[in-house]
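Notes follow the structure.
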Amino acid sequence: MLYIILFIEGTFAGAEYGGGTTLSMEDIPAAKRAPIGAFVQSGYGTGFFIVSFVFAALSSYYGKTEFAIIGWRVLFYTTIIPGMLTLIIRYITSETTVLMI
């Protein structure tokens with residue numbers, strides 16, 4: 001069951017990455033697209049660093065045995081925070097107008 005949930009979570013995260021990149025580039029003036037695009041691309045590395053830091057902190061807090069029992073669940077549930085932030089951002093962002101070129 002855990003692998004199924006992780007697969008679904010990864011699928012949604014992958015889809016959100018492409019959609020979020022497109023959404024962030026739609027209304028940006030051409031002169032600012034490079035820095036904004038670089039910021040979006042740095043999100044993966046930054047997120048990986050944050051997860052690694054949280055993993056290390058939880059591992060040292062719980063210890064090896066206790067982390068295997070309960071610590072990974074705490075790490076798993078921390079994904080609720082970025083998930084809720086994504087939902088809020090998607091909810092408050094308005095649709096852009098379609099331009100025919």
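The residues of the chain are indexed from 1 along the displayed sequence.
Take Met84 and apply the side-chain contact (heavy atoms from CB on, under 4.5 Å) test, not counting sequence neighbours, and it matches Ile80, Leu87. Partners of Val51 according to the side-chain contact (heavy atoms from CB on, under 4.5 Å) rule, which considers only residues two or more places apart in sequence or in another chain, do not exist here. Scored by the side-chain contact (heavy atoms from CB on, under 4.5 Å) test, Ile8 finds Ile4, Phe12 as partners (sequence neighbours excluded). For Ser59, the side-chain contact (heavy atoms from CB on, under 4.5 Å) partners are Phe55, Phe67, not counting sequence neighbours.
Between Tyr62 and the choices Ile70, Ile69, Leu75, the side-chain contact (heavy atoms from CB on, under 4.5 Å) rule is met once, by Ile70.
In the hydrophobic clustering of ILVMFWY residues, with side-chain heavy atoms under 4.5 Å counting as a link, Ile89 and Val40 come out apart.
Through ILVMFWY side-chain contacts below 4.5 Å, Phe53 is grouped with nothing and stands alone. Hydrophobic side-chain contacts under 4.5 Å tie Tyr3 to no other Ile, Leu, Val, Met, Phe, Trp or Tyr residue.
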Show me the side-chain donor-acceptor pairs of residues 32-39 shorter than 3.5 Å, one per line, residues at least two apart or across chains.
| from | atom 1 | to | atom 2 | distance (Å) |
| --- | --- | --- | --- | --- |
| Arg33 | NE | Ile28 | O | 3.1 |
| Arg33 | NH2 | Ile28 | O | 3.3 |

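The ring-ring contact (aromatic ring centres under 6.0 Å, His included) pairs that include a residue from residues 69-95 number zero, where partners must be two or more places apart or lie in different chains.
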